[in-house]
Amino acid sequence: MTQLNPQQQEAVAYNEGHLLIVAGPGTGKTHTITQKIAALIQKNLAKPEEILAITFTRKTGEELAQRLKKLLPPNSKLPFAGTFHSFCLQILRANLDENQRILSKKEQQEIFKAAGEDIELYKRRLAELKALDFDGILTKSLELLNGNAQLTHQLHQKIRYLFVDEYQDVNEVQYQLIQKLTGPMTKLCAIGDPDQAIYAFRGADVEHFLRFEKDFPGTKVFRLEENYRSTPNIVDCANALIEHNTRRVHKNLRSVAKQGPKISFLPCQSPLSEAIFIAKEINKLVGGTTMIDHDQKTGHEYDEHCHFTDIAVIYRTNHQGKLLATALKKEGLPSQRLAEKSWFMEDEITTVIQHLMCALDPGHLPQELQSQYQGFQQQYQTFRQNIGEQNPAQTIKTILSTFHLEQFEQSENILHLMNFATQFDEQTGPQNLKFFFDELKLLQEADAYDPRMEAVTLMSIHASKGLEFPVVFIAGVEEGILPYLSKTADVQQNLEEERRLMYVGLTRAKERVFLTYAKTKRDKIVEPSKFLKEISDHLMEIQPEKISNKKIWKKKQLTIW
Amino acid sequence: MMDFIADFHIHSHYSRATSKEMNLVSLYKWGQIKGIQVIGTGDFTHPAWFKEIREKLEEAEPGLFKLKPELEAEMVKEVPPSCRSIMRFLLTVEISCIYSKNGKVRKVHMILAAPSFSAAAKINETLSKVGNLMADGRPILGLDAKELVKIALEASPDCMIIPAHAWTPHFGVLGHSSGFNSLEECFEEFTPNITAIETGLSSDPAMNWRLSQLDNVTLVSNSDAHSPGKLGREANRFHCELSYFEILDALKKGDPKRFIETVEFYPEEGKYHLDGHMNCNVSLTPEETKKLDGICPKCGKKIIIGVMNRVETLADRKIGDRPNKIPFRHLVPLSEILADVLETSTSSKKVMLQYMELIGKVGNEFYILLDAPLDAIQKASSPLIAEAVQRVRTGKIHIEPGYDGKFGVIKIFADGKRPQLQDQMPLF
């Protein structure tokens, strides 16, 4: 797509001063920014190094750079495109003494723990270590700019065009940084959608977006309102919902995509039947995954079948994901849950690893295992004598019996471990055992999924920001979950934020949306989300098929209001 | 050197919709009753099944496994003396690859065999990162079939890689609904690593020979059994050393001296032989489908295209144009023959009793179907049954072809035309 629609064209062409681009979901925001930056460079209005583009995630920054590369002549320089953090790191590296350390997430957690989770103590400890945590990178940079007029002046001379993506999600420090970086000659271009502001819990404030024109006088506002992503049904539904919010900038989002089915609403009897229903429906959408499905004509109601990667199941809170993932697994559907623990990080495995460490290498035990070792010293010695000629899988069995952990034997994770161990079957003896053990310790989070895996994605609505899928299930569209019951003081503001989450969820979908909720939870009646009422004109109710668990399924008329 | 029959593709009780009896000791017993000497374990990616395999089997010959002696001693009593023989297992699994390629959703079932526990474990380790292996003994993975070939070869270059029931519309590599037009389109540069393809119940080697693109591909036949009674309904006969590597080599080279023949269903009996709609009761030959533009005359939806039609679409030869490389024979399972003669269902007590009577007196099922003298069969049953076996051997039977998931119906004696043999001797 190199074409621009008239609205996009206007935003690209305007270079007189600051501009604010209100870009609805699916309106070609990244495309527009890319074209705008490319035009600045091609028309010699700015050199690449005079342009700074701040993105919300590292990935968006990389994508922007990739797209620019294709538009610009080969070997041309690319402007900076990355997050606030990576930009600030560059400033700090150039201007602070080299001893300043940046902490990894793990290091941050360890120091925080060591400080007894006391935030003041933690901060003091960071200062002593001359270390910066994630937030510290930004505050330190701001301090530096505030105290160094010369540096600020240099940056003002340099940065002619400052782009800030996802402006609705900037927090106070980021906002001050933007203020600081915008010099008298700098033209600021902020892009975003106040209706998609969903990071209040991290300190973001949609207010920054709403008062942009006051903060930066002379701003011209542009709107991108043609949605290329979703069907008219989905866009109408999202519009009807978000109009109930007050803190927003008016926009008239309209779909230019092909019409699709109405949005389906599916009340279920319990969270379990909800999860099973979603799994069964996905099986239908992909046209059946087994021979039996085909014999039973599963999915014949769908003319065209989709692929696992076309489907996302999203939800308000991460803990909803577990039951949903289990149901999909039981149905045999490949799925990938963001934020899931891998088998080798589960407690049973940790226990076995700790026993192995105590038994095999008592000389190099970390502090926390010392007392465990003391307690079982006798057993560990006997164990060491017994394992002489065992292969790793047999060794694990011996651990389980020596330490009375037989109940682990049927656990999925231990089966997995035994399976992993069988690869080292061909040799026996302590050397091979150590080899197996080292490999086991090397397994990392990144090993959990093979990049070749094609799967249904399960994730929180927050994590789905910026993504799109042909089919989206939103689970738990019920009072208490979406909107989430929050104890914040401002009920109205909280409700608006929750409504925006629903809006973001809906607008991830290209063709089909399924909204589900559980009518009862632990025998308590659950109310459907008030948001459903706000979009009820756009809903098509489908009665879920009767789900096998008869006890949880009492045949009742599905009335919702 | 020995003669033996092998069935590589079966499922354990850890697969969906399988009999509880699909466990190692039952396979040991039923394998012998059926007359199979080498049988796949199926499902080795399932952690619990793999654990059981490792606990109950031990290596007998290179890459082949047998029941541990204490289990065998206990189990051998269950096998009718007339059927007792050696029983070997090889490590196999079927994987359902569902993925998109060239803009289409593809569903391809693949059989893998591994030469050792450690090779199988390596495959399992890699696949456990691609998907969930616990839910089903025949796991569904969002993995390109070509990538699966790579994974198998990385675990061991001696893995067997066999696309399963290659022609079924929904899950065959050459199937109409979600397959490819050639093995190359699916496996690209890894096509030469395909050990063989499985013809499936609805096609036989003669149909496959009509595609010159398959001239250098070995054709195998297996049962895909989900219950012991279905074991060996299609199978492979070998004459070679009893060893995984010998079998592998015979398959790779398609060597007729060692890989003697395949034993096949009459393809019409397969449940995807013709086109049609089961729910609409519409069964169509490829020509009829063509005339109707592929639209069901009853419901107006697209007709499910069967194997016959698909073969004709891809064929570039007439029937009989290719020299017969590895021969094959058609047969009908003994229980179906008995059910037809006794005019009852295959699961009836009457059929079961007659079956066990024959097995006990004459020998294993393959022996009865393929080689046993007719008078021995007649002595153990009836002239009509002996006549029925003879007709199956010579192909003088009538079959109502299968379509859209409905099995074909065997009629050995066309209705009302039973020979008068029946009255000569009372059955029971």
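None of the values given here were measured: they were computed from a predicted structure.
- Of the two parts of A/V456, neither the backbone nor the side chain holds a non-hydrogen atom closer than 4.5 Å to a non-hydrogen atom of chain B.
- For the pair B/G142 and A/P334, the tightest heavy-atom approach, listed with the atom from each and the gap, is N-CG, 3.6 Å.
- Across every non-hydrogen atom of B/T126 and A/R452, the tightest pair is CG2-NH2, 3.8 Å.
- Taking CG from A/L333 and CG from B/L141, the interatomic distance works out to 11.5 Å, rounded to the nearest 0.5 Å.
- Looking at B/K271, the atoms closer than 4.5 Å to chain A (heavy atoms on both sides) all sit in the side chain, from C-beta outward.
- Looking at B/K107, its side chain does come within 3.5 Å of a backbone N or O of A/G288 through a donor-acceptor pair.
- With chain A as the partner, the residue from B/T168, B/N132, B/D144 showing the most heavy-atom pairs under 4.5 Å is B/N132.
- With a threshold of 4.5 angstrom between heavy atoms, B/R106 does not approach chain A through any atom at all.
- Heavy atoms closer than 4.5 Å to chain A are found nowhere in B/H46, neither backbone nor side chain.
- Dense packing is recorded around NZ of B/K150, with more than 12 heavy atoms of other residues, nucleotides or ligands lying under 6.0 Å away.
- Contact of B/S96 with chain A is made through the side chain alone, with heavy-atom distances under 4.5 Å.
- Contact count versus chain B (heavy atoms, under 4.5 Å) is highest, among A/E331, A/H307, A/H305, for A/H307.
- We find the CG-OG distance between A/N391 and B/S118 to be 10.5 Å, quoted to the nearest 0.5 Å.
- Side chains of A/T289 and B/I98 form a contact here, defined as non-hydrogen atoms less than 4.5 Å apart.
- Counting heavy atoms of neighbouring residues, nucleotides and ligands inside a 6.0 Å radius, atom NZ of B/K146 exceeds 12 of them.
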Pair B/R138, A/T290 - check side chain to side chain contact (heavy atoms under 4.5 Å, CB included), show working.
CA-CA 9 Å; B/R138 206 249 359 259; A/T290 67; 3.5 Å; yes
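- Using modelled atom types, no side-chain atom of B/D136 and backbone atom of A/G332 make a donor-acceptor pair closer than 3.5 Å.
- B/K68 NZ: more than 12 foreign heavy atoms inside a 6.0 Å radius.
- For chain B, the nearby parts of A/F420 are the backbone and the side chain; heavy atoms of each come within less than 4.5 Å.
- Proximity to chain A (any heavy atom under 4.5 Å) is restricted, for B/Y272, to the side chain, taken from C-beta onward.
- Judged by distance alone, the side chains of B/R54 and A/T422 do bring a donor and an acceptor atom under 3.5 Å apart.
- Residue B/Y99 touches chain A through both its backbone and its side chain, counting heavy-atom pairs closer than 4.5 Å.
- For B/K51, the part lying near chain A is the side chain, with the backbone staying farther off; criterion is any non-hydrogen pair under 4.5 Å.
- A distance of 10.5 Å separates CG in B/L133 from NZ in A/K329, rounded to the nearest 0.5 Å.
- Annotation: ring pair (Phe, Tyr, Trp, His ring centres under 6.0 Å) contacts of A/H416 (sequence neighbours excluded): A/W343.
- No part of B/S177 comes within reach of chain A, as not one of its non-hydrogen atoms sits under 4.5 angstrom from that chain.
- B/F117 touches chain A through backbone and side chain together, each having a heavy atom under 4.5 Å away.
- Across B/P139, B/S100, B/A120, B/A48, the residue that shares the most heavy-atom pairs under 4.5 angstrom with chain A is B/S100.
- Heavy atoms only, all atoms of each residue included: A/F308 and B/I140 are closest at CZ-CG2, 4.1 Å.
- Along residues 293-305 of chain B, the residues that come nearer than 4.5 angstrom to chain A, judged on non-hydrogen atoms, are B/K301 in order of number.
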